[in-house]
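Notes follow once the structure below has been shown.
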Amino acid sequence: MSKNLVIVESPAKAKTIEGFLGKDFIVKSSFGHVMDLSKTHLGVDIENGFEPQYEISPDKKKLVAELKKTAKEAEMVWLASDEDREGEAISWHLFKALNLKEEKTKRIVFHEITKQAISRAIDQPRGIDTHLVSAQQARRVLDRLVGYELSPLLWKKVKPALSAGRVQSVAVRLIVEREDEIKNFNVTSAFRVTAQFVIQINGTEHLVNAELPERFETAQMAHLFLESCFGAIYTVHAVEKKPGKKSPAPPFTTSTLQQEASRKLGFSVANTMRVAQQLYESGKITYMRTDSFNLSDLALKMAQNEISERFGAEYVKIRKYTTKTKGAQEAHEAIRPTYLNKAEVSGNADEKRLYDLIWKRTVASQMADAELERTVVTINISTNINQFIAQGEVILFEGFLKVYLESTDEDNNDATEGLLPPMKKGQQLKLNEILATERFTRHPARYTEASLVKKLEELGIGRPSTFAPTISTIQKREYVVKEDRPGEKRSFKVLQLVHDKIKEKTVNENTGQEKAKLFPTDIGTLVNKFLLTHFESIIDYNFTANVEKEFDEIADGNKEWNVMIKAFYKPFHEKIVSTTENAGKFSGEKLLGVDPVSGKNVFVKVGRFGPMVQIGDTESEEKPRFSGLRKNQSMDEISLEEALKLFDFPRTVGIFEDKEVSVAIGRFGPYVKHNSQFVSLQKTDDPNTIEIERAIELIEAKRNKESQSTIKEFDQEPELKVLNGRYGPYISFKKKNFKIPKDIAAENLTLEQCMSIVKDPDNTPKKSFFKRKTK
DNA sequence: CAGTGAGCGAGCTTCCGCTTGACTT
C-alpha cells in the first residue's frame, strides 16, 4: 500500500498529479464537497449559536467509505483541495468525515498543475485554516437561511414550489428590471446625414464615405440642410493622422469563455461548460471553472515559443493580467490549452471549435499590441458652415489581431472603417450623393444567458461553478424564458440629394427581432415584486458584495462567523415572521373588465398552477370559473376579449363509440379527449373549429400507433404491457415503467417474468428523474 | 403527459457551491 494519500477535488486532476508524484503517492479525488447541511431540514441550529448540522452527502457515502479505508492504510494524508474558501472547507470536511489524525494529516495547496508547483507544495505543508473554514461556514449558513426561509414564504403567499435565493433572485431582478426599462423606453428618431464622394487616382475611381456630426430632428430640417447644399463645392479642409493601438483581451475565465462562446459560436452557457468539461477530461485544456487570468510560467514559455515560431519574435509580448473581478478567489489558472503547440485537437465539432477559441485567445493574450493609424478628413461645404467628416483606420502592425479579436455584445451597425484613399488639403471632391436617413434610438438590450453571467460577475454575485446552474434554475422555475421573438415592421424616411434634386422615399425595415434572449414571465415579475416589497435588502445589488466583505473579515480572523450570522438573521427572520402574519396572498390580481354574458367581474391573477383568468369574485356565493392562460399570453397584455375566449374550452364536438369527444387546451397545447384518453392536435388543426370527423381520425391514428408500439399484452393482467419506446423495449405496469434485463428478449417475456421484474424493489423507477416541473 | 384554482389538511416543494456520472420515457 502507498505511503501517501493525496486528495484533490477533481478526478482528472488526480490522474495528472499521480503522474508527477511517483509510486509512493496515491492520488484520489473527493469529487467536490463531501459534507453538507441536510437537504430535508433547515440544517442550522438557530438556538444553539447557528451550529450547522452537517452530514455526509448521500451521493458521497460510498466514496467517503472508500477514502476512509485508503486513508487508514496510508502513513500520511495530504489534503490538496483548492486554495479558496470552499476548498478549505472541503479539506476540513474530509478531515472530519475520514476521521483523520492531526499528526497524520497535512494540508497543501497549488495553483497550477505542474510538477514544480506540486513538489513545492509538498515541501510547504500547513494546517487547515480554521478562519477560512469559518468564512465558508458563514457563506453556507447564510445561503441556507435565506433560501430555506424565503422559499416557503413564497409557497404560502405566491405559489407552491417556487424558490428564492441570494443569487437567483438577483438574476431574476436584473431581467425584470431590464424589461421595465425597455417597456418605458421612449423611441425617438433623428436624421443622420452621410455623403459619398468620388475621387480619381491614376484613372481609377475611389469612394469616400463621410458623415455629418450633427443630426436633424425632423425630415423638414434634414430637407432644409440638403437644400442648403445645392450647388456646393466640397473641399478637403484638413487631413489629420493619429497613431493608435489595440491590446489583446486577457486569457479566458469561465465567464468570459461563456460570453465569447455565446457571441462567436452561439453556444448556450450550459453547452459551453459541457464541451469544456470534455476538453478538460481528455487533458486538452486546464480547468474550466476559474476566475483567474493567471497563466503558469510554463504556459507563458510555451506561448513565447509558439508565437515566435509561427509569427516571429516581434509578435511576442508576455503579459501578466490581474483580475478586477469582485470577490475573485483565483484558485486555478486561466482557461488555456494544456499544450499551446497544439493549435488543433481531435474531437467532435463543438470541441474543436471551442478549443480553437481557447487556443487563439490564449496565444493572442501574449502577443504584441496592434499598431494603427487613424485618419480623420474634414470636408468643407461651400454653401454652408457644416463639415463632413470621413474616418479611416489603417493597421500598420497587426500584432495580436493576426490571431484573435474579442467580440462585443453591441451589434455594430457602422461598417468597419477601412482604408481611406490619399487626400490633400484643398483638394476638391466630386459628390455622388447625400443621404439623410431616419434612425431610431434603441432601447437597452435584453440579456442573453452570457450577458447575464457577465453582469452577475460584475456585481460579484455567483461563482464560476454556479453561473450555468443559476441560469438553468431561473428558467426551470419559470421566472424567465429564453426565446426568439420575430420583431415588427417599421418604416423610415430617406432623403436623397443627387444633382441638386431631393428625392424622398419611405423604406421598411424589420426591427426588434430577438434571438435567444431572456424574458421575464408573469411569475418571475410577480415574485420579484414580492421580494422587492418585503425583502429589498436581500435582492439589493450590493448585498453579496457587502456580505463578502464580512466573510473576508471572518477569514482574516477579525470577526466570529456566528456573530455575523446572528446580526443578519435577527432582522431577517423578524421580517419573515411579520410578512407571514400580515401580508395577504400576493397574486398580482388585476381587474380586466366585466363579462358581458354573466355580468361578473373578470380578473387575471397567478394561482396555484400559474397565471389564470377568473370570472366572478372570490368572495361571491357562486364558485368562480377559472382558466389558465395560454403559453404565449401574459397577464400584462391579455385583453378582456382574449380572456373570455379561454372559456370556450373544453368544447364538446360529438359522440364516438357512445362516449363524448371534447377538445380542450392543456399544458402541452390543444388536445382531444375521449374515454379518458388524450390525443394531441396537430399544428394544422384549429381547436376552435375542429369537428368530430377529424377528432375520430386523430383518436384512431393514436390507437394505431399504440398497437404498433405494443410488443406484448396479457389478458390476465390488463395493466401490464411490454412496449417499444424511445430507448427500446420496456415494461409498463400501473403507469410506472421498468427496464428489461439485457439478457432477455422482450418478445419472449412471460407474464411471470414480467411480474417478477415489476415486483423487484431494485427495479423501482428512480423518482428524482420524474420531477414534473422540469420541462 | 394533459382535467386543476375557495374550504379542510397531509405531505411535498426550497438555498449556493464544489465535483462527475447515471441513464430517464
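Keep in mind that the numbers below use all heavy atoms, side chains included, and drop hydrogens, waters and symmetry copies. Naming convention: chains lettered A, B, ... in sequence-line order (proteins, then strands); numbering from 1 in each chain.
Look at A:Glu536 and A:Lys575 and you find no salt bridge, because none of the NZ, NE, NH1 or NH2 atoms lies under 4.0 Å from a carboxylate O. At a threshold of 4.0 Å, the pair A:Glu622-A:Lys600 counts as salt-bridged, since one of the basic side-chain nitrogens sits closer than that to a carboxylate oxygen. Using a 4.0 Å cut-off between charged side-chain N and carboxylate O, A:Asp522 and A:Lys159 make no salt bridge.
No contact: A:Lys605 has no heavy atom under 4.0 Å from any strand. Note on A:Ser163: only backbone sugar-phosphate atoms sit closer than 4.0 angstrom, heavy atoms only; bases stay farther off. Residue A:Pro11 is in sugar-phosphate contact alone, with no base atom involved, counting any heavy-atom pair closer than 4.0 Å across all strands shown. The residue A:Gly87 sits apart from the nucleic acid: no heavy atom pair falls under 4.0 Å. The residue A:Gly165 sits close only to the backbone: its heavy atoms come under 4.0 Å of sugar-phosphate atoms, none of a base. Nucleic acid contact class of A:Ala89 (heavy atoms, under 4.0 Å, all strands): none. When heavy atoms are screened at a 4.0 angstrom cut-off, A:Gln614 is found touching no nucleic acid atom at all. Within the nucleic acid shown, A:Thr466 comes within 4.0 Å of at least one base atom, counting heavy atoms only. If you check every strand for non-hydrogen atoms under 4.0 Å, A:Gly610 touches a base. Using a 4.0 Å heavy-atom distance criterion, A:Tyr280 is classed as a sugar-phosphate-only contact.
Put simply, A:Ser465 has a side-chain N or O that comes within less than 4.0 Å of OP1 or OP2 on B:dC18. Here A:Lys623 reaches the OP1 or OP2 of B:dG5: one of its side-chain N or O atoms lies under 4.0 Å away. One finds a side-chain N or O of A:Arg289 lying less than 4.0 angstrom from the OP1 or OP2 phosphate oxygen of B:dT19. Under 4.0 angstrom from either OP1 or OP2 of B:dT20 there lies at least one side-chain N or O belonging to A:Gln277. Contact annotation: A:Arg477 side-chain N/O to B:dT14 OP1/OP2 distance is under 4.0 Å. Here A:Ser81 does not reach the OP1 or OP2 of B:dC18: none of its side-chain N or O atoms lies under 4.0 Å away.
For the P atoms, the distance linking B:dT24 with B:dT4 amounts to 32 Å, nearest Å. Nucleotides B:dC23 and B:dG3, compared at atom P, are 30 Å apart to the nearest Å.
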Original post:
Passes side chain to side chain contact (heavy atoms under 4.5 Å, CB included), A:Phe530 versus A:Leu153? Steps please.
Top reply: CA-CA 10 Å; A:Phe530 178 84; A:Leu153 187 60; 4.0 Å; yes

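Comparing B:dT14, B:dC18, B:dT13 by their nearest atom to the side chain of A:Arg463 picks out B:dC18. If you check B:dT20, B:dG17, B:dG5 against the side chain of A:Glu86, the one that comes closest is B:dG17. Distances from the side chain of A:Pro160 to the nucleotides B:dT13, B:dT14, B:dC18 place B:dT13 closest. The side chain of A:Phe626 has B:dA6 as its nearest neighbour among B:dG3, B:dA6, B:dC18.
By the stacking rule of 5.5 Å between ring centres and under 30° between planes, A:Trp155 stacks on the base of B:dT13.
Taking the ring centre of A:Tyr479 as origin, the terminal cationic atom of A:Arg477 falls outside the region bounded by 6.0 Å and 45° from the ring axis. Geometrically, A:Arg166 does not engage A:Phe543 in a cation-pi contact, judged by NZ or CZ lying under 6.0 Å from the ring centre and within 45° of the ring axis.
Every stem involving DNA chain B, taken as at least 3 paired positions in a row under the Watson-Crick or G-U wobble test at 3.5 Å, would be listed here, but there are none.
Every residue was checked against the ring pair (Phe, Tyr, Trp, His ring centres under 6.0 Å) condition with A:Phe626, not counting sequence neighbours, and none meets it.
Of the residues in residues 138-150 of chain A, those with a non-hydrogen atom less than 4.0 angstrom from any atom of DNA chain B are A:Arg139, A:Arg140, A:Asp143, A:Arg144, A:Gly147, A:Tyr148.
DNA chain B is contacted by both A:Tyr671 and A:Gly607; A:Tyr671 maps to the nucleotide lying nearer its 5′ end (nearest heavy atom per residue). Comparing A:Glu281 and A:Leu162 by the nucleotide of DNA chain B whose heavy atom lies nearest to each, the residue mapping closer to the 5' end is A:Leu162.
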